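For reference, the structure discussed in these notes is given below.
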Number of protein chains: 2
Amino acid sequence: MANVNSGDKKISAAVIKRLPRYYRYLSDLIDSGATRVSSKELSETMNTTASQIRQDLSNFGCFGQQGYGYNVVTLYEEIKNILGLKKLYSVAIIGAGNLGQALFNYSGFGKRGFYFVGMFDIDESVIGKTFGNVTVTHLDTLSEFLKNNDVDIAALTIPSHAATEVSEIIFKTNIKGIWNFSHADLDAPEGICVENVHLTDSLMILSYRLKEGIVL
Amino acid sequence: MANVNSGDKKISAAVIKRLPRYYRYLSDLIDSGATRVSSKELSETMNTTASQIRQDLSNFGCFGQQGYGYNVVTLYEEIKNILGLKKLYSVAIIGAGNLGQALFNYSGFGKRGFYFVGMFDIDESVIGKTFGNVTVTHLDTLSEFLKNNDVDIAALTIPSHAATEVSEIIFKTNIKGIWNFSHADLDAPEGICVENVHLTDSLMILSYRLKEGIVL
DNA sequence: TAGATTGTTAATCGATTAACAATC
DNA sequence: TAGATTGTTAATCGATTAACAATC
């Protein structure tokens, strides 16, 4: 029992990476009408161990009850809170090509509290186009835009060769998070988080496993 | 010295995940005209340890030389081979929405040996549209298409609720790899590799780090 | 040759799993 | 109450780092 504190010892990246998946399965459980779940039940659906689930959760507090398990909605809300999803995040899309548009148009992010507030590009053929309530403007206007608007995250959906230059601009603004789809590994200054989505890396890992016949 | 074998002891996922990044940095080194690199130099640019690089590589063979280091091109080619990138992979895109189109139009995959051979959807407004040399056809034709064409990988760029149904179709074909962008966790049968790209998970991890002020 | 750097073995560190007292 | 299940501590397992003999 005990320990309702949090935030002192630092949590390992391995734990954090599992949280969204817990969150997803709990969301499904809510949809299915379940009200309670034990770590054992959850571990069986998620194909992991009950120990790991309890160990992971215990990093953040005591959310369960002996002999009962966890209340599904409560646990869902707790994880939502842990992940920082109780607030809204504004996101600017840098690079309004196919990928930038795909992110913009995917409704799933909005449901989680991420909304898009701007799109920027250097390609004249896309500048001026409107998606939803956002019009693509020239990259030159980015700096000014970020000065006048409160933007939390920049999604970099631009080619690698442009990424370094653009990140220089961003580093001078109030942006605190970069969601980086470009190939480049950015070295961000103190205080800026970079989350990389390297799609090609992911394909190469698949290719390795295909070659080796690893199923996993 | 010794040990030019491979493929007996199994390699940990942690090692595999780092290979594409090595590959990327070696590619940059080639572009910069470098001919040799030591694990120490490489570790400094990549912000890791020389020990880890040597340990990782030693899983696959002896690619370096004492007192010299590694030949950049040779090591690049070795990793290319390890990752299974010496062959071409055909990819079918299931779900021809924004994300599917984005993948199709991104030239970077082609450079690595992945080429797209088909696009499928159920939305009449996109069926019949042509991208490059591929025309979107109805999902009903997928099964037949996969029977008549040699397709290695299916990219699932469809909503979660459709993913299970579509994956059932795929599981009955010769497809060996699934590149899954849908929210769903698929439980694939023996012999089929699934590589998940959960974009929302990645955003949530960023959100966690923003909340906690973790830079990493 | 002497300096540099590998591949590998040993030591350390961290993460996962197992076990169990506490208690609903 | 008796059975179930938690949070936590201890044991195990695996991954990373350090050290070093071998040798280019």
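Chain A is the first sequence line, chain B the second, and so forth, proteins listed ahead of strands; every chain is numbered from 1. Computed from a predicted model, the values in this text were never measured in an experiment.
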Revision key, fill the gap. Among the nucleotides D/dT8, D/dC24, C/dA15, whichever has the atom closest to the side chain of B/Gln65 is D/dC24
Practice item. Look through every strand shown and name the nucleotide pairing with C/dA4 as Watson-Crick or G-U wobble, where both distances are under 3.5 Å. Key: D/dT23
**Study point:** Rounded interatomic separation in angstrom, taking CZ from B/Phe60 and C1' from C/dT8
**Key:** 16 Å
Point to revise | Pairs satisfying ring pair (Phe, Tyr, Trp, His ring centres under 6.0 Å), at least one member in residues 73-93 of chain B, at least two apart | key: B/Tyr23-B/Tyr76, B/Tyr89-B/Phe114
Study note, to complete from the structure: By nearest-heavy-atom nucleotide on DNA chain C, the more 5' of A/Gln52 and A/Gly67 is A/Gln52
Check your understanding: To the side chain of B/Gln66, which of D/dC24, D/dT6, D/dT16 is closest?
Key -> D/dC24
**Study point:** Separation of atom CG in B/Leu42 from atom P in C/dT5, rounded to whole Å
**Key:** 13 Å
Check your understanding: Would you call A/Asp201 and B/Lys17 a salt bridge, taking side-chain N to carboxylate O under 4.0 Å as the test?
Key -> no
Point to revise | Nucleotide C/dT6, atom P - distance to CG of B/Asn71 in whole Å | key: 13 Å
Review point. Given atom CD of A/Gln55 and atom P of C/dA15, what is their separation to the nearest angstrom?
Key: 11 Å
Exercise for review: Give a yes or no on whether the ring-centroid distance for A/Phe145 and A/Phe120 is below 6.0 angstrom.
Suggested key: yes
Point to revise | Protein-nucleotide distance (B/Lys40, atom NZ; C/dG7, atom P), rounded to Å | key: 17 Å
**Study point:** Per B/Ser39 side chain, nearest of listed nucleotides D/dT9, C/dT6, D/dT5
**Key:** C/dT6
Check your understanding: Just checking A/Ser38: base, sugar-phosphate only, or nothing, at a heavy-atom cut-off of under 4.0 Å?
Key -> sugar-phosphate
Point to revise | Between P of C/dT6 and CG of B/Leu75, the distance in whole Å | key: 10 Å
Check your understanding: Ion pair present between B/Glu168 and B/Lys172, side-chain N to carboxylate O less than 4.0 angstrom?
Key -> no
Exercise for review: Whole angstrom is fine here: how far is it from CG in A/Asn47 over to C1' in C/dT17?
Suggested key: 15 Å
Practice item. Identify which nucleotide among D/dT5, C/dT9, D/dT9 has an atom closest to any side-chain atom of A/Arg36, counting heavy atoms from C-beta outward. Key: D/dT5
**Study point:** A/Tyr70 side chain near C/dC24 phosphate (N/O to OP1/OP2, under 4.0 Å)
**Key:** no
Exercise for review: Report yes if at least one side-chain N or O of A/Arg18 is closer than 4.0 Å to OP1 or OP2 of C/dT16; otherwise report no.
Suggested key: yes
Exercise for review: Could you walk me through whether B/Gln52 and B/Thr48 pass side chain to side chain donor-acceptor pair (under 3.5 Å), step by step?
Suggested key: CA-CA 7 Å; B/Gln52 181 161 81; B/Thr48 177; 3.1 Å; yes
Review point. Between D/dT6 and A/Arg54, is there an OP1 or OP2 to side-chain N/O distance shorter than 4.0 Å?
Key: yes
Review point. Could you give the CG-to-C1' distance, from B/Asn59 to C/dT8, as a whole number of Å?
Key: 12 Å
Point to revise | Closest-nucleotide 5' rank along DNA chain D - winner of A/Tyr68 and A/Ser51 | key: A/Tyr68
